[in-house]
Number of protein chains: 2
Amino acid sequence: MKKTVLVFSLLILALLLLFQFSKYTVISGDLNIEYIMAIIAIAFLGIGIFINKKTQKQPETYNDQINLQKVEELGLSKREYEVLKEVALGLSNQEIAEKLFVSESTIKTHVSNLLLKLNAKRRTQAIQISKDLNII
Amino acid sequence: MKKTVLVFSLLILALLLLFQFSKYTVISGDLNIEYIMAIIAIAFLGIGIFINKKTQKQPETYNDQINLQKVEELGLSKREYEVLKEVALGLSNQEIAEKLFVSESTIKTHVSNLLLKLNAKRRTQAIQISKDLNII
DNA sequence: ATCAATTTAGTACTTTAGTATGAGCTTCAA
DNA sequence: TTGAAGCTCATACTAAAGTACTAAATTGAT
């Protein structure tokens, strides 16, 4: 945000300076009007490209966005989904329990339910299925 | 390539048209020079952004090639690497054993060794680490 | 307010995973 | 040919994961 403001401020400044410059040169007759036009055109073409580059986000993950709709379709509850993500991180039930401040029993229950909903036999399979469905 | 030629042709055409237009308006005194400058600036700013968008390539998959060199660095044997891939598919030791026509003991040995080499505590963690290292 | 779903947690159990160790067999390079 | 490395397998463990219940507290919508 701050960068955007800065860039636009500089842009406006550049525009104003160009106005002054063009006015001066036209009046004094030093330069042909075509040259000024060309300079402005090229300069702003460059600025346009520059701005675009800067504001362009890294596309990285636009094709593997997490499909939250699928999560709902599967009937995964908020907590189950949360646990699933921890499982995929490679944590044990005990570690997940500590991370989420609940007992290991609770995590076991969640994992068990989540395996049913994902139609997986093991947590490793659940990870594989989840990746295929783009939900993690 | 064809598109690039087309875009640049249109650009040059636009530039020439602008020159003619500006010359006409300056001579006839219809418009203030500042307005013309502003129009040119904005127009070429837009063109710059447009060109940049069009020429931007999709980075797709240059970062997820399997890094076999890393496999060697880790000291993973051929068989261990094979087992690792099956583990990542979500198979149990028994299932992997059947798939590779060996006993479950053998798979357990391989998995145990592979966890050591990957510095993982569990197979799920091994999957996560392997994905990070781009070896699966 | 009430009902359904969610979250929590427990017990008791079975299954799977993982460790440690020893050992036979094969392969391949020094 | 000897030795290191890799693959195989076994036994005997311990640890972790997963199942099958039951049940209480919480939350959210009708």
Side-chain angles (χ1 to χ4, degrees), chain A residues 66-133 135-136, chain B residues 66-133 135-136:
Chain A
I66 287 165
N67 191 344
L68 291 173
Q69 216 230 303
K70 201 97 206 171
V71 177
E72 277 194 46
E73 276 175 40
L74 291 163
L76 282 180
S77 76
K78 202 185 291 181
R79 203 56 159 170
E80 282 160 0
Y81 181 52
E82 207 172 350
V83 170
L84 172 61
K85 286 187 286 186
E86 301 296 341
V87 167
L89 251 41
L91 302 191
S92 69
N93 290 336
Q94 186 57 56
E95 287 169 342
I96 299 170
E98 283 164 16
K99 196 165 175 182
L100 302 184
F101 305 105
V102 292
S103 78
E104 198 197 342
S105 306
T106 305
I107 301 302
K108 282 190 175 187
T109 306
H110 287 320
V111 170
S112 209
N113 291 333
L114 150 183
L115 291 181
L116 273 175
K117 290 174 182 178
L118 283 172
N119 200 28
K121 291 192 205 131
R122 284 164 292 282
R123 50 171 56 208
T124 50
Q125 202 181 8
I127 294 172
Q128 178 64 23
I129 290 168
S130 301
K131 296 222 157 133
D132 281 347
L133 297 175
I135 59 175
I136 51 171
Chain B
I66 286 167
N67 191 344
L68 291 174
Q69 216 232 301
K70 201 98 208 171
V71 177
E72 277 193 47
E73 277 175 39
L74 291 164
L76 282 180
S77 77
K78 202 185 293 179
R79 203 57 160 168
E80 282 161 0
Y81 181 52
E82 208 173 349
V83 170
L84 173 61
K85 285 187 287 187
E86 300 298 340
V87 167
L89 251 40
L91 302 190
S92 69
N93 290 337
Q94 186 57 56
E95 285 169 343
I96 299 171
E98 284 164 15
K99 196 165 175 181
L100 302 183
F101 305 106
V102 292
S103 78
E104 198 197 341
S105 307
T106 306
I107 302 302
K108 280 191 177 187
T109 306
H110 287 319
V111 171
S112 208
N113 290 332
L114 149 183
L115 291 181
L116 272 174
K117 290 173 182 177
L118 284 172
N119 199 29
K121 292 192 204 132
R122 283 165 293 282
R123 49 169 63 209
T124 49
Q125 202 181 8
I127 295 171
Q128 178 64 23
I129 290 168
S130 301
K131 295 223 155 133
D132 280 348
L133 297 174
I135 61 176
I136 52 171

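Protein chains get the first letters and strands the later ones, always in sequence-line order, with residue 1 at the start of each.
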Novice: Rounded to whole Å, how long is the line connecting atom CZ of Phe101(B) with atom P of dC7(D)?
Specialist: 18 Å

Novice: Provide the closest heavy-atom pair for Ile127(A) versus Val87(A) in the form atom of the first, atom of the second, distance.
Specialist: CD1-O, 3.7 Å

Novice: Check whether more than 12 heavy atoms from other residues, nucleotides or ligands sit under 6.0 Å from atom CG of Asn119(A), and answer yes or no.
Specialist: no

Novice: Between Ser112(A) and dT19(D), is there a side-chain N or O to OP1/OP2 distance below 4.0 Å?
Specialist: yes

Novice: Can you measure Glu95(B) atom CD to dA17(C) atom P for me and round it to whole angstrom units?
Specialist: 8 Å

Novice: Quick check on DNA chain D: between Glu104(B) and Leu115(A), whose nearest nucleotide comes earlier from the 5' end?
Specialist: Glu104(B)

Novice: So do the side chains of Arg79(B) and Leu100(B) get within less than 4.5 Å of each other, counting heavy atoms only?
Specialist: yes

Novice: May I ask you to verify if any side-chain N or O of His110(B) is less than 4.0 angstrom from the OP1 or OP2 atom of dT8(D)?
Specialist: yes

Novice: Are Leu84(B) and Val71(B) side-chain neighbours, meaning at least one heavy-atom pair lies under 4.5 Å?
Specialist: no

Novice: Kindly list each side-chain donor-acceptor pair under 3.5 angstrom involving residues 106-116 of chain B, sequence neighbours excluded, with atom names and distances?
Specialist:
residue, atom, partner, partner atom, Å
Thr106(B), OG1, Ser103(B), OG, 3.1
Thr109(B), OG1, Ser105(B), O, 2.9
Asn113(B), ND2, Thr109(B), O, 3.2

Novice: Do Lys121(B) and Glu95(A) come within less than 4.5 Å of each other through their side chains, counting heavy atoms only?
Specialist: yes

Novice: For Asn113(A) and dA20(D), give me the distance from atom CG to atom C1', rounded to whole Å.
Specialist: 11 Å

Novice: Tell me the closest heavy-atom pair linking Glu80(B) and Gly75(B), and the distance in Å.
Specialist: OE1-O, 4.0 Å

Novice: Ignoring hydrogens, what is the shortest heavy-atom contact between Ile66(B) and Ile135(B)? Give both atom names and the distance.
Specialist: CG2-O, 4.0 Å

Novice: Between dG18(C) atom P and Leu118(B) atom CG, what is the distance in whole Å?
Specialist: 12 Å

Novice: Side chains of Leu68(A) and Tyr81(A): closer than 4.5 Å at any heavy-atom pair?
Specialist: yes

Novice: OP1 or OP2 of dG18(C) less than 4.0 angstrom from a side-chain nitrogen or oxygen of Arg123(B), does that happen here?
Specialist: yes

Novice: Any chance you could measure Lys99(A), atom NZ, to Leu89(A), atom CG, to the nearest 0.5 Å?
Specialist: 5.5 Å

Novice: Whole angstrom is fine here: how far is it from CG in Leu116(B) over to C1' in dT21(C)?
Specialist: 14 Å

Novice: Need to verify one output field. Residue with the more 5' nearest nucleotide on DNA chain C, Lys117(A) or Lys108(A)?
Specialist: Lys117(A)

Novice: At what distance, to the nearest 0.5 angstrom, does CG of Asn67(B) lie from CD of Glu72(B)?
Specialist: 10.5 Å

Novice: Rounded to the nearest 0.5 Å, how far apart are CZ of Arg122(B) and CG of Leu91(A)?
Specialist: 6.5 Å

Novice: Roughly how many Å is it from CG in Asn93(B) to P in dG18(C), rounded to a whole number?
Specialist: 6 Å

Novice: Nearest to the side chain of Ser77(A), which nucleotide is it out of dT7(C), dC7(D), dA10(D)?
Specialist: dT7(C)

Novice: If we fit an axis to the first five pairs and another to the last five of the helix from dA1(C)-dT30(D) to dA30(C)-dT1(D), what angle do they make, to the nearest 10°?
Specialist: 50°

Novice: Report which part of the nucleic acid Thr106(A) touches: base, sugar-phosphate, or nothing (heavy-atom distance under 4.0 Å, all strands).
Specialist: base

Novice: Could you run through nucleotides 22-30 of chain D and give me one letter per nucleotide, 5' to 3': B if any protein heavy atom sits under 4.0 Å from the base, S if only the sugar-phosphate is that close, - if neither?
Specialist: ---------

Novice: If you count the non-hydrogen atoms of other residues, nucleotides and ligands that lie under 6.0 Å from CD in Glu73(A), is the total more than 12?
Specialist: yes

Novice: Report the residues that fulfil side-chain hydrogen bond (donor to acceptor under 3.5 Å, both in side chains) with Glu98(A), sequence neighbours left out, ordered by chain and then residue number.
Specialist: Gln94(A)

Novice: Tell me, for nucleotides 25-30 of chain C in 5' to 3' order, what letter each nucleotide earns: B for a base near a protein heavy atom under 4.0 Å, S for only sugar-phosphate near one, - for neither?
Specialist: ------

Novice: Starting at atom CZ of Arg122(B), determine the distance to atom P of dT19(C), rounded to an integer number of angstrom.
Specialist: 10 Å

Novice: Ser105(B) has a side chain; which of dT19(C), dC9(D), dG18(D) sits nearest to it?
Specialist: dC9(D)

Novice: Please report the shortest heavy-atom distance between Ala88(B) and Ile136(B), naming the atom on each side.
Specialist: CB-CD1, 3.7 Å

Novice: In whole angstrom, give the distance that lies between atom NZ of Lys121(A) and atom P of dT16(C).
Specialist: 10 Å

Novice: Output the residues of residues 78-92 of chain A in contact with DNA chain C, where contact means a heavy atom of the residue under 4.0 Å from an atom of the strand; sort by number or write none.
Specialist: Lys78(A), Arg79(A)

